[in-house]
Peer 1: 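Sending over a structure as structure tokens; questions will come in a sec.
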Amino acid sequence: MTETPEFAVPARVDSAVRPTVPSTGLGRWLLQHRVQPAGPESDHQHAKPEAWWKVMCLTGVDYFSTLSYLPGIAALAAGAISPLATLLIVALTLLGMLPMYRRVAHESPHGQGSVAMLEDLLPFWRGKLFVLVLLGFVATSWIITITLSSADATVHALENPHVPEFLHGQEVLVTVVLLLILGGVFLLGFSEAVGVAIPLVAIFLVLNAVVVVAGVLEVLAEPVALDRWLDALTASGGFGGVIVPAIIAFPLLVLGLSGFETGVSMMPLVAADGETAGERLANRIRNTRKLLTAAALIMSVYLIATSFVTTVLVPAEEFEPGGEANGRALAYLAHELLGEWVGTAYDISSILILWFAGASAMAGLINIVPRYLPSYGMAPEWSRAVRPVVLVYTAIAILVTIVFGADVNAQAGAYATGILAMMVSASVAVTISAARRRQRRASIAFTVLTLIMLYALVENVIEKPDGLAISAFFILGIVAVSLVSRVSRTTELRAEHIEFDERARRFVTESIAHDNALTVIANRRQAGDAAEYLAKEVEQRGMNPVPGQADVLFLEIDVADPSAFSEVLQVRGVEVDGHRVLRADSPAAPNAIAAILLALRDATGVRPHCHFEWSEGNPLGHLFRYLILGRGDTAPVVREIIRTSEPDPDRRPSIHVGG
């Protein structure tokens with residue numbers, strides 16, 4: 001039986017710098033729940049998973065809450081033919097959006113959505129900048145969803161006759177209070193947010209059903225209203241008079257489909273069964289598809305029913321600005337058909353679900369943005385923690401509310417631009433996916449869907465160009481903060497842990513056994529032949545204090561993708577005509593060298609001595625090369641990384657530079 005050899009280095013060595021544990025109870029509470037990076041490792045949730053129908057309620061506070069205002073928008077935009085325009089939206093929902101997001105759920109099952117599907121289209125820094133732009137639209141969409149929904153809830157609240165008079169004119173204050181309460185719910189936890197969402201959605205849908213039934217009974221009891229609507233429909237000018245207004249109204253109504261992206265983003269929080277990680281992932285995909293399908297079917301039924309009863313029963317002039325049904329058609333019917341008490345109950349339900357509609361956007365922000373920026377080194381590591389980012393998002397939402405004066409109309413353009421940009425990115429992603437798999441029919445269908453989404457986006461930008469300007473502000477903000485963070489984190493080790501293969505472990509063990517020391521020569525590989533290593537060793541022995549009898553190991557770092565930030569370092573042992581080489585791939589050579597030297601020190605108890613030569617060229621140019629390409633004047637950067645990682649000078653690996 002062969003005995004396992006005794007190596008001085010284990011197969012895995014943890015990074016020398018571990019995350020610090022907060023010393024205070026408040027700090028530990030703030031950092032308690034953390035979002036995992038994008039990828040298979042994100043199987044570890046930052047919150048307790050919930051049944052798919054419960055998560056649907058959290059996404060539904062955004063999706064279903066549009067019933068409060070969408071029928072009124074449809075009637076104002078399309079008039080008597082608004083039920084037909086709504087049918088277009090329902091067809092788009094069931095035949096376009098639902099298949100599209102079911103595919104997105106399958107291909108990005110860890111909640112990254114279409115961003116993950118598009119990330120690989122562009123390599124290196126171009127891919128990272130592309131993701132930052134997409135995240136800018138995501139931030140625009142979801143931050144404005146939070147602020148706009150709370151502002152809309154304030155409008156509905158202050159329009160109710162039972163609201164105290166002193167609150168009128170205090171829209172900003174009321175909206176800020178609603179935002180603080182929303183943030184407070186998420187500080188308590190994801191499960192608490194789900195617990196609030198379930199009754200809000202249930203009561204709101206029941207009340208809408210009651211209003212619809214009362215409306216249908218009213219139409220049957222008073223057929224004059226139906227006849228009046230049919231007359232208006234037939235007087236619209238034939239087929240063209242019906243289709244053209246429906247198409248014109250379409251970009252306004254498509255905003256009611258905003259709940260799909262948040263549904264996908266919350267996939268990691270959907271409960272799943274299975275014995276293995278693969279089985280659980282497959283079950284999570286199926287459950288998320290159930291979530292999307294159920295939400296789409298429920299919303300489709302309600303859209304058709306509410307559009308019909310509001311168009312038939314509400315006088316056209318009441319939909320106009322200043323009219324009692326403007327932006328609140330179903331609330332108007334609730335008061336008219338069911339009396340003041342039921343109408344007030346509907347108002348309260350609308351206010352609550354509109355206020356909490358921001359919860360789905362907050363959950364989406366929590367689940368998707370921290371999966372990218374910290375992994376890119378473009379946000380502090382604490383930004384993976386849920387509660388600090390909730391505080392940040394709440395503060396941003398309050399600032400946006402103050403800037404826009406809690407004005408719903410002022411924010412509508414940015415909301416529409418962000419939502420439609422996300423839908424366009426999703427449709428482009430699934431189109432490319434289908435084309436790569438040579439699925440001709442799916443490619444054609446998703447191409448048509450992409451053109452439809454592009455039409456809606458372009459039409460919205462033409463109608464409300466300020467939305468694009470606001471989105472650009474969010475994009476520039478994210479890019480600026482990301483680049484500053486990336487620069488400020490350059491001296492981090494960046495290695496999650498270090499893995500040594502058997503040959504590398506043997507090399508280190510033999511070197512220590514030779515002279516009880518670790519003498520390392522850093523080399524940037526050129527030809528990689530014996531002559532190169534021999535010349536490098538002779539050169540270093542001449543310019544640096546390398547003992548004459550010292551055993552030498554070469555250390556080489558291949559920079560694969562300098563735009564990446566942190567990863568597992570895998571050190572391989574390679575022998576070239578008797579010259580022993582430790583090789584690894586990393587986004588940045590200095591950080592990898594520092595991490596490996598510290599790992600060798602921790603594993604063996606021997607302080608490595610690493611030898612370099614000075615690089616030729618301008619120091620400022622070396623700095624930019626290091627930031628962008630992962631290489632530069634390596635020796636001083638390695639020294640600085642070790643200095644910041646190890647406070648005790650006597651324990652730091654020694655860095656020698658000559659030439």
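Start at 1 with the first residue, then count along the sequence.
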Peer 1: For Val484, which residues count as a side chain to side chain contact (heavy atoms under 4.5 Å, CB included) partner, sequence neighbours excluded?
Peer 2: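 Residues passing side chain to side chain contact (heavy atoms under 4.5 Å, CB included) with Val484: none at all.
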Peer 1: Quick one: does any side-chain atom of Ser65 pair with a main-chain N or O of Val61 as donor and acceptor, under 3.5 Å?
Peer 2: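 The answer is yes, because a donor-acceptor pair under 3.5 Å joins these two groups.
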Peer 1: Mind checking what makes side-chain hydrogen bond (donor to acceptor under 3.5 Å, both in side chains) contact with Ser149, not counting sequence neighbours?
Peer 2: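 Once residues adjacent in sequence are excluded, Ser149 has no partner under the side-chain hydrogen bond (donor to acceptor under 3.5 Å, both in side chains) criterion.
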Peer 1: Quick one: does Thr93's side chain get under 4.5 Å of Met299's, heavy atoms only?
Peer 2: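 Heavy-atom side-chain distance check fails, nothing below 4.5 Å.
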Peer 1: Check whether any side-chain heavy atom of Leu200 sits under 4.5 Å from a side-chain heavy atom of Phe64, and report yes or no.
Peer 2: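 When only atoms from C-beta onward are counted, Phe64 and Leu200 do not touch, as no gap falls below 4.5 Å.
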Peer 1: Measure from the side-chain N and O atoms of Tyr101 to the backbone N and O of Val264, and report whether any donor-acceptor pair falls under 3.5 Å.
Peer 2: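 No, the answer is negative, given that no donor and acceptor are paired below the 3.5 Å cut-off.
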Peer 1: Considering residues at least two apart in sequence or located in another chain, which fulfil the side chain to side chain contact (heavy atoms under 4.5 Å, CB included) criterion with Ser349?
Peer 2: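 Testing Ser349 for side chain to side chain contact (heavy atoms under 4.5 Å, CB included), a comparison that skips the adjacent residues, returns Ile203, Phe204, Leu207.
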Peer 1: From Leu182 CG over to Leu187 CG, what is the distance, rounded to the nearest 0.5 angstrom?
Peer 2: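 So the CG of Leu182 and the CG of Leu187 are separated by 10.0 Å.
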Peer 1: Looking at every heavy atom in both Thr140 and Ala414, which two are closest together, and how far apart are they?
Peer 2: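 In this case the closest contact between Thr140 and Ala414 is CG2-O, 3.6 Å.
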Peer 1: Could I get the full list of side-chain hydrogen bond (donor to acceptor under 3.5 Å, both in side chains) partners for Lys54, not counting sequence neighbours?
Peer 2: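 By the side-chain hydrogen bond (donor to acceptor under 3.5 Å, both in side chains) rule, Lys54 matches no residue at all.
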Peer 1: Could you tell me which non-hydrogen atom of Ile475 sits nearest to which non-hydrogen atom of Gly136, and how far apart they are?
Peer 2: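 So the two residues come closest at CG1-CA, 3.7 Å.
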Peer 1: Return the set of residues passing side chain to side chain contact (heavy atoms under 4.5 Å, CB included) with Ile402 (not counting sequence neighbours), or none when no residue passes.
Peer 2: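 With neighbours one apart ignored, the set is Val172, Ile398.
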Peer 1: Could you go through the side-chain contact (heavy atoms from CB on, under 4.5 Å) check for Met56 and Ile298 one step at a time?
Peer 2: CA-CA 11 Å; Met56 183 192 74; Ile298 292 170; 4.2 Å; yes
Peer 1: Between CD1 of Ile181 and OG1 of Thr394, what distance do you get to the nearest 0.5 Å?
Peer 2: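 Answer for the CD1-OG1 pair, Ile181 versus Thr394, is 12.0 Å.
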Peer 1: Only counting residues at least two apart or in another chain, list the ones meeting side-chain hydrogen bond (donor to acceptor under 3.5 Å, both in side chains) with Glu171.
Peer 2: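 Testing Glu171 for side-chain hydrogen bond (donor to acceptor under 3.5 Å, both in side chains), a comparison that skips the adjacent residues, returns none.
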Peer 1: With distance as the sole criterion, is a donor-acceptor pair present between the side chains of Thr417 and Asn460 under 3.5 Å?
Peer 2: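 Per modelled atom types, Thr417 and Asn460 side chains form a pair under 3.5 Å.
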Peer 1: Measuring only between side-chain heavy atoms, which start at C-beta, is Ile89 closer than 4.5 Å to Leu303?
Peer 2: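 They are in side-chain contact.
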Peer 1: I'd like to know if the side chain of Thr154 reaches the main chain of Ser150, judged simply by a donor and an acceptor atom lying under 3.5 Å from each other, with no hydrogens or angles considered.
Peer 2: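 Answer holds: yes.
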Peer 1: Taking Thr66 for its side chain and Tyr63 for its backbone only, find out whether a donor-acceptor pair lies under 3.5 Å.
Peer 2: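 Yes; at least one donor-acceptor contact below 3.5 Å.
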Peer 1: Do the side chain of Arg102 and the main chain of Leu292 share a donor and acceptor less than 3.5 angstrom apart?
Peer 2: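 Judged by distance alone, no pair lies under 3.5 Å.
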Peer 1: Quick one: side-chain hydrogen bond (donor to acceptor under 3.5 Å, both in side chains) partners of Thr644, sequence neighbours excluded?
Peer 2: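 Here no residue qualifies.
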Peer 1: Report the distance from atom NZ of Lys290 to atom CD1 of Ile285, rounding to the nearest 0.5 Å.
Peer 2: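 One gets 13.0 Å once the value is rounded to the nearest 0.5 Å.
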Peer 1: Roughly how far, to the nearest 0.5 Å, is the NE2 atom of His106 from the CE atom of Met267?
Peer 2: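 Answer rounded to 0.5 Å: 9.5 Å.
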Peer 1: Walk me through it: do Leu449 and Leu92 pass the test side-chain contact (heavy atoms from CB on, under 4.5 Å)?
Peer 2: CA-CA 8 Å; Leu449 181 62; Leu92 178 67; 3.4 Å; yes
Peer 1: Considering non-hydrogen atoms only, spot the tightest contact between Gly96 and Pro99 and give its length.
Peer 2: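 Heavy-atom minimum between the residues: O-CD, 3.3 Å.
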Peer 1: Rounded to the nearest 0.5 Å, what separation is found between the CG atom of Leu205 and the OH atom of Tyr302?
Peer 2: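 These two atoms lie 4.5 Å from each other.
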Peer 1: If we ignore hydrogens and angles and just use 3.5 Å, is the side chain of Thr145 paired with the main-chain N or O of Ser141 as donor and acceptor?
Peer 2: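 Confirmed, Thr145 side chain pairs with Ser141 backbone.
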Peer 1: To the closest 0.5 Å, what do you measure between CG (Leu58) and CG (Leu291)?
Peer 2: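 Result: 9.5 Å between the selected atoms.
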Peer 1: Determine the minimum heavy-atom distance between Asn287 and Ala272, stating which atoms define it.
Peer 2: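 That would be ND2-CA, 4.2 Å.
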Peer 1: With distance as the sole test, does Asn591 use its side chain to make a donor-acceptor pair with the main-chain N or O of Ile641 at under 3.5 Å?
Peer 2: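 Flag not set: sc Asn591 to bb Ile641 has no pair under 3.5 Å.
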Peer 1: Suppose the criterion is side chain to side chain donor-acceptor pair (under 3.5 Å): which pairs have a residue in residues 420-433, not counting sequence neighbours?
Peer 2: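 Matches after skipping sequence neighbours: Arg103-Ser433, Glu107-Ser433, Ser114-Ser425, Ser427-Thr450, Thr431-Thr450, Ser433-Arg437.
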Peer 1: Heavy atoms, side chains only, cut-off 4.5 Å: are Pro71 and Leu330 in contact?
Peer 2: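 Yes; the side chains approach each other to less than 4.5 Å.
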Peer 1: So Lys464 and Tyr415, do their side chains get closer than 4.5 Å, heavy atoms only?
Peer 2: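 Counting from C-beta outward, Tyr415 and Lys464 never come under 4.5 Å.
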Peer 1: Side chains of residues 350-366: which donor-acceptor pairs under 3.5 Å do they make with residues two or more places apart or in other chains?
Peer 2:
residue, atom, partner, partner atom, Å
Ser350, OG, Tyr346, O, 3.0
Trp355, NE1, Leu178, O, 2.8
Ser360, OG, Ala357, O, 3.0

Peer 1: Going through the distances and angles, do Met423 and Met97 end up as a side-chain contact (heavy atoms from CB on, under 4.5 Å)?
Peer 2: CA-CA 9 Å; Met423 293 180 182; Met97 303 298 288; 3.7 Å; yes
Peer 1: Gly195 and Pro199: which non-hydrogen atoms are nearest, and at how many Å?
Peer 2: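 Where Gly195 meets Pro199 most closely, the heavy atoms are O-CD, 3.0 Å.
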Peer 1: Please name all residues satisfying side chain to side chain contact (heavy atoms under 4.5 Å, CB included) with Phe130, sequence neighbours left out, ordered by chain then number.
Peer 2: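 Counting only residues at least two positions away or on another chain, Phe130 forms a side chain to side chain contact (heavy atoms under 4.5 Å, CB included) with Leu118, Leu122, Leu134.
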Peer 1: Considering all heavy atoms of both residues, which atom of Leu132 and which atom of Ser482 are nearest to each other, and what is their separation?
Peer 2: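 Nearest pair, atom of Leu132 first, then Ser482: CD2-OG, 3.6 Å.
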Peer 1: One pair to check against side-chain contact (heavy atoms from CB on, under 4.5 Å): Leu454 and Leu420. What are the steps and the verdict?
Peer 2: CA-CA 8 Å; Leu454 279 173; Leu420 290 170; over 6 Å; no
